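One structure below.
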Amino acid sequence: MKVLVIGGGAREHALCRSLSQDSAVTELHCAPGNAGIAQVATVHPVDQLDGAQVAALARRLDADLVVVGPEAPLVAGVADAVRAAGIPVFGPSGEAARLEGSKAFAKDVMAGAGVPTARSYVCTTPAEAAEALDAFGAPYVVKDDGLAAGKGVVVTSDREAALAHAASCESVVIEEYLDGPEVSLFAITDGTTVLPLQPAQDFKRALDGDEGPNTGGMGAYSPLPWAPEGLVEEVLETVLQPTVDELRRRGTEFSGLLYAGLALTSRGTRVIEFNARFGDPETQVVLARLRTPLAAVLHAAATGSLDQLEPLRWDDGAAVTVVIASEGYPAAPRTGDVIEGLAEAEAADGTAFVLHAGTRADEDGRVLSAGGRVLSVTATGTDLAEARDRAYEAVGRISLKGGQHRTDIALKAASRAG
Ligand code: AMP
């Protein structure tokens, strides 16, 4: 199978790493990729938001499967362009990707599917926003209705700050605050059959102890030793399958990766948000534990034959990933700094490895930072404590001027697991 992956972050590096280890994959390409991806795939400079360019590249490579990683190309309709060219594609249509691209659309689908989520109002004027804030009370949850790379949400007890964020967005969703721990659960679907993956937890705040601004994600781990038994089955039955069925019923069939961000509240499981693609950085830990070769799974989703797939096989152990971000992230990340120690950080036995997010190679072959999140240092182990130790040991070998990372990724879960 010749596979083309679209995107250039650590999620795409994780996808490419798994695909490169799959003996069914005879050729692996990525566009645009990054310095790390270039070590396992042939990279191509294309505009990932341009469906015609991506489809032309897929045709030229004679690709058997195109995997679209990030949300922006999906919302821009890149999967539609590839599908129209007659090439199997893993990723939903632009219309179905509105499940992520529009919070208001997602709320409407959830209402139609009877999926439990926070009560909410869509507001377009300051007066409407103020009324909605007062209806729910503090803490306030204010979400930009459009795509905001995980940074359009403000959760605050400061009414003025909540109003200011609402005023800065064209259209906002204001909703009730959900208490309780968060879980990310991914499912692979062909539009009918839904195959849940293993749950993970990510860390969205920039600083230790969940302090600081929201980010795209600073780390993740899987499995969740504290999660209630039967959680995956419950979410499949009450969230994932009804959502996929509702979208099909509406004529906006969703195939690809359905990501449910969940809160396990005192009143039951609630959906915080849906995403239309693999989450970053949870993908890094989920794929590190997947034993089933990846290409056939993605291809089955792209071709409507998931019901014929054998059950997925998983590693019993654990995986932890720690994101190294550049100085100034998320507000004003500085780029162009040399990264050292990448080879030293990798374990010879594969239990620790470095996935590149925002990196590029210069003319001398040095690897430079090229984005806010720079690396996703990932490790596996028999349990979370071991995976965590290995990940942080690897982080310690890497140097990046001004680089920042959290020191408490998976800390609580590892100690809870004993
Ligand atoms: P989202 O982009 O919708 O995932 O929101 C980003 C983060 O904001 C989530 O991971 C939560 O930590 C927080 N958040 C979003 N919605 C709510 C809510 N209704 N109640 C509490 N926290 C929320």
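Counting starts at 1 for both ligands and their atoms, following the listed order. In this text the structure is predicted, and so the values were computed from the model without any measurement.
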Exercise. Is a donor on one side and an acceptor on the other found under 3.5 Å between the side chain of T189 and the backbone of T193?
Worked result: yes

Exercise. Does K204, backbone or side chain, put an N or O under 3.5 Å from an N or O of ligand 1?
Worked result: yes

Exercise. Would you call K204-E211 a salt bridge at under 4.0 Å N-O?
Worked result: no

Problem set entry | Ion pair K103/D145, N-O distance below 4.0 Å | no

Exercise. Would you call E253 and R248 a salt bridge, taking side-chain N to carboxylate O under 4.0 Å as the test?
Worked result: no

For this session: With heavy atoms under 4.0 Å as the rule, classify the contact between E176 and ligand 1 as side chain, backbone, both or neither.
Result: backbone

Problem set entry | Exam field: side chain T156 to backbone A162, donor-acceptor pair closer than 3.5 Å | no

For this session: Compute the minimum heavy-atom distance from R270 to ligand 1 and say whether it is under 4.0 Å.
Result: no

Problem set entry | Electrostatic pair R119-E175, nearest N-O below 4.0 angstrom | no

Exercise. Of the choices R119, K143, K103, E273, which has the non-hydrogen atom that lies closest to atom 16 (N) of ligand 1?
Worked result: K143

For this session: Below 4.0 angstrom from a heavy atom of I272, which ligand 1 atoms are there? Numbered from 1 as shown, please.
Result: 3 (O), 15 (C), 16 (N)

Problem set entry | Any N/O pair L178/ligand 1 closer than 3.5 Å | yes

Problem set entry | Numbering as shown, the atoms of ligand 1 that approach Y177 to under 4.0 Å (heavy-atom distance) | 20 (N), 21 (C)

Exercise. In terms of atom number and element, which parts of ligand 1 are under 4.0 angstrom from non-hydrogen atoms of E175?
Worked result: 16 (N), 17 (C), 18 (C), 19 (N)

For this session: Inspect the contact between R250 and D108 and indicate whether a charged nitrogen and a carboxylate oxygen are less than 4.0 angstrom apart.
Result: yes

Seminar exercise, completed: Closest to atom 14 (N) of ligand 1 (heavy atoms only, candidates T215, V155, T265) is V155

Exercise. With a cut-off of 4.0 Å, which atoms of ligand 1 are near a heavy atom of E182?
Worked result: 9 (C), 10 (O), 11 (C), 12 (O)

Seminar exercise, completed: Going by the 4.0 angstrom heavy-atom rule, the piece of V141 near ligand 1 is side chain

